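Since we're looking at a predicted model, the values are computed, not measured.
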Amino acid sequence: MRATICAAAILLFGADITSVAALPLTPFRYEAQAQRYCPGDRIVWLDFRKGVYYGKGQKLYGQGFDGSFVCRKEAVSSGYRRSLLGLR
């Protein structure tokens, strides 16, 4: 009985693991480095402390010591959210 329950749980929860996996986060110190790494994606400034990212044109883009430039797809898949502060 216990083995059947474990097998059912593995089938239910294990079937979707690959679609939930986050892209590895590759932070860069300079915007140009990030752009070379992911040429088809937008570059965002990721604030690790706040858990948000800023797009180009936002006031805090590229500001602070607790952040890095990353590809937007990686930031979103890693669970970071877009900051609405300073949108133009």
Side-chain angles (χ1 to χ4, degrees):
M1 176 72 171
R2 187 177 186 136
T4 306
I5 293 172
C6 288
I10 290 171
L11 288 175
L12 285 174
F13 298 112
D16 218 16
I17 288 176
T18 56
S19 64
V20 178
L23 292 173
L25 196 59
T26 311
F28 295 96
R29 184 174 184 169
Y30 301 106
E31 183 179 9
Q33 293 172 324
Q35 192 63 60
R36 280 192 302 273
Y37 177 74
C38 49
D41 197 8
R42 287 186 15 214
I43 304 303
V44 296
W45 175 258
L46 187 63
D47 188 328
F48 297 114
R49 190 171 38 88
K50 294 179 183 176
V52 297
Y53 65 86
Y54 302 96
K56 197 167 196 157
Q58 288 184 285
K59 184 178 181 180
L60 296 177
Y61 180 79
Q63 302 294 315
F65 296 106
D66 295 329
S68 287
F69 292 103
V70 297
C71 305
R72 184 182 171 279
K73 289 178 186 174
E74 290 180 4
V76 171
S77 74
S78 295
Y80 291 92
R81 66 190 191 287
R82 180 178 63 132
S83 173
L84 299 176
L85 183 66
L87 282 177
R88 296 179 194 172

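Judged purely by atom type and a 3.5 angstrom limit, Ser78 has no side-chain atom pairing as donor or acceptor with the backbone of Tyr80.
A 4.5 Å side-chain heavy-atom check between Leu25 and Leu46 finds at least one atom pair inside the cut-off. Using a 4.5 Å heavy-atom cutoff, the side chains of Cys71 and Tyr37 are in contact.
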Original post:
Yes or no on ring pair (Phe, Tyr, Trp, His ring centres under 6.0 Å) for Trp45 and Phe69, after CA distance, side-chain angles and deciding distance?
Top reply: CA-CA 5 Å; Trp45 175 258; Phe69 292 103; 4.8 Å; yes
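Rounded to the nearest 0.5 angstrom, Thr26 OG1 and Gln33 CD are separated by 12.0 Å. The CZ atom of Phe28 lies 7.0 Å from the SG atom of Cys38; values are rounded to the nearest 0.5 Å. Here OG of Ser77 is found 10.5 Å from CZ of Arg72. Values are rounded to the nearest 0.5 Å.
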Residues 60-68 side chain polar contacts: donor-acceptor under 3.5 Å, at least two apart:
from  : atom 1 : to    : atom 2 : distance (Å)
Tyr61 : OH     : Glu31 : OE2    : 2.8
Asp66 : OD2    : Arg49 : NE     : 2.9

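Of all heavy-atom pairs between Ala75 and Val70, the closest is CB-CG2, 4.0 Å. A pairwise comparison of heavy atoms in Gly55 and Val44 identifies CA-CG1, 4.4 Å as the closest pair.
Linking Ile, Leu, Val, Met, Phe, Trp and Tyr residues whenever their side-chain heavy atoms come within less than 4.5 Å places Ile43 and Tyr54 in a single cluster.
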